[in-house]
Amino acid sequence: MKTIYLLRHAKSGHEEYIANDIERHLSARGYKDAEEQAVIFKKKYKQPELILSSPAIRAFTTALIFSKHLGYRLEKIQTNASIYEASLQQLLYVISELDDQYQSAMLVGHNPGFTDLTNALCGYVIDDLPTAWVVAIQLNVAHWKEVGVGNGKLLEK
């Protein structure tokens, strides 16, 4: 069994002077929500063995906030450009490429991909993954390469 945590980045600002979407920062509310959700996550779940983030500033900042609360070394956070604006198939590929030494991993990224991935793995369970929210999915697989549609169980919404 493997466990995947999908963390949608916290609320971002819509600064008009930012030319690229990837450069958007968290809003004040985003920082607050990420801090609160990180505290809740720490009480409910074990620290993931791997944190893999989209390179978007809002996603990586959310990963940093969670790492701080979880005691996960900040320099161990990895980025993967494939998570940014990823489709369901891209996200399944990212997961399939994880090293089997890890029993649990957290992906930090974006919608609609994370909502689509949750629903594909677990059956239709959510309409829209909110910002700064985590879904925990237990995967009925021995190896990350085996992850596919329908082999996950939502641990909690």
Side-chain angles (χ1 to χ4, degrees), residues 1-15 18-27 30-31 33-34 37-38 41 45 47-67 70 72 74-157:
M1 296 288 230
K2 304 278 190 188
T3 303
I4 191 82
Y5 302 106
L6 302 176
L7 167 58
R8 182 177 175 199
H9 67 78
K11 186 86 173 151
S12 62
H14 293 279
E15 302 90 352
I18 298 288
N20 294 319
D21 176 72
I22 200 166
E23 296 174 352
R24 284 194 299 143
H25 293 262
L26 294 182
S27 66
Y31 279 98
D33 291 351
Q37 291 301 318
F41 181 90
Y45 303 108
Q47 175 181 305
E49 296 172 80
L50 172 68
I51 297 179
L52 188 60
S53 177
S54 158
I57 291 172
R58 61 193 182 275
F60 191 74
T61 303
T62 303
L64 289 171
I65 292 168
F66 266 69
S67 295
L70 298 175
Y72 187 90
L74 302 180
E75 65 273 9
K76 287 181 57 181
I77 299 171
Q78 297 178 24
T79 58
N80 185 316
S82 295
I83 298 172
Y84 179 67
E85 296 185 335
S87 68
L88 168 61
Q89 291 305 319
Q90 288 169 303
L91 291 169
L92 286 170
Y93 179 76
V94 168
I95 293 170
S96 75
E97 291 295 303
L98 295 175
D99 191 318
D100 277 330
Q101 74 174 320
Y102 303 114
Q103 297 305 306
S104 64
M106 174 181 277
L107 300 186
V108 186
H110 314 272
N111 260 354
F114 276 23
T115 294
D116 294 344
L117 179 59
T118 301
N119 289 330
L121 292 174
C122 304
Y124 185 78
V125 292
I126 58 172
D127 292 324
D128 185 46
L129 185 62
T131 54
W133 204 261
V134 181
V135 290
I137 301 171
Q138 186 175 41
L139 300 164
N140 190 21
V141 297
H143 306 282
W144 292 110
K145 289 192 181 313
E146 300 167 355
V147 172
V149 174
N151 62 7
K153 176 185 173 193
L154 190 66
L155 295 177
E156 189 174 326
K157 277 199 231 184

Spacing of CZ belonging to Arg8 relative to CG belonging to Asn111, to within rounding of 0.5 Å: 4.0 Å
Exercise: identify the closest heavy-atom pair between Leu88 and Ala120: CD1-CB, 3.7 Å
4.5 Å side-chain heavy-atom contact, Ile51 and Tyr5: no
Derivation of the side chain to side chain contact (heavy atoms under 4.5 Å, CB included) call for Val134 and Phe66: CA-CA 11 Å; Val134 181; Phe66 266 69; 3.8 Å; yes
Partners meeting ring-ring contact (aromatic ring centres under 6.0 Å, His included) with Tyr84 (sequence neighbours left out): His110
Nearest-0.5 Å distance that lies between atom OG in Ser53 and atom CG in Leu7: 8.5 Å
Partners passing side chain to side chain donor-acceptor pair (under 3.5 Å) against Ser82 (at least two apart in sequence or in another chain): Asn80
Side chain to side chain contact (heavy atoms under 4.5 Å, CB included) evaluation trace for Asn151 with Leu121: CA-CA 6 Å; Asn151 62 7; Leu121 292 174; 4.1 Å; yes
4.5 Å side-chain heavy-atom contact, Ile65 and Leu26: yes
Side chain to side chain contact (heavy atoms under 4.5 Å, CB included) between Tyr72 and Leu50, worked out: CA-CA 9 Å; Tyr72 187 90; Leu50 172 68; 4.2 Å; yes
Pair Arg58 + Glu23: basic N to acidic O under 4.0 Å: no
Distance-minimising heavy-atom pair for Ile137 and Gly152: CG2-CA, 3.9 Å
Sub-4.5 Å side-chain heavy-atom contact between Met1 and Asn140: yes
Residue pair Thr62 / Ala34: nearest heavy atoms and the distance that separates them: CG2-CB, 4.5 Å
Ser87: side chain to side chain donor-acceptor pair (under 3.5 Å) partners, not counting sequence neighbours: Gln90
Salt bridge (Lys or Arg N to Asp or Glu O under 4.0 Å) involving Asp100 - partner list, sequence neighbours excluded: Lys2
Atom pair CD (Gln103) and CG (Leu139), whose distance is rounded to the nearest 0.5 Å: 11.0 Å
Residue pair Leu98 / Leu52, side-chain heavy-atom distance below 4.5 Å: yes
Atom pair CD1/CZ of Ile126 and Phe114 - distance to nearest 0.5 Å: 11.0 Å
Distance in Å, Ile77 CD1 paired with Leu64 CG, rounded so as to fall on 0.5 Å steps: 4.5 Å
Residues in salt bridge (Lys or Arg N to Asp or Glu O under 4.0 Å) contact with Asp33, at least two apart in sequence or another chain: Arg29
Donor-acceptor pair, side chain of Thr115 and main chain of Leu129, under 3.5 angstrom: yes
Ile95 side chain near Leu117 side chain, heavy-atom distance below 4.5 Å: yes
Chi angles and distances behind the side chain to side chain contact (heavy atoms under 4.5 Å, CB included) call for Ser67, Leu74: CA-CA 6 Å; Ser67 295; Leu74 302 180; 3.5 Å; yes
For Glu85, side chain to side chain contact (heavy atoms under 4.5 Å, CB included) partners two or more places apart: Asp21
Non-hydrogen side-chain atoms of Met106 and Tyr45 separated by less than 4.5 Å: no
Side chain to side chain, Ser12 and Ile57, heavy atoms closer than 4.5 Å: no
Separation between CD of Gln37 and OG1 of Thr131, rounded to the nearest 0.5 Å: 9.0 Å
Glu49 side-chain N/O to Ser104 backbone N/O, donor-acceptor pair under 3.5 Å: yes
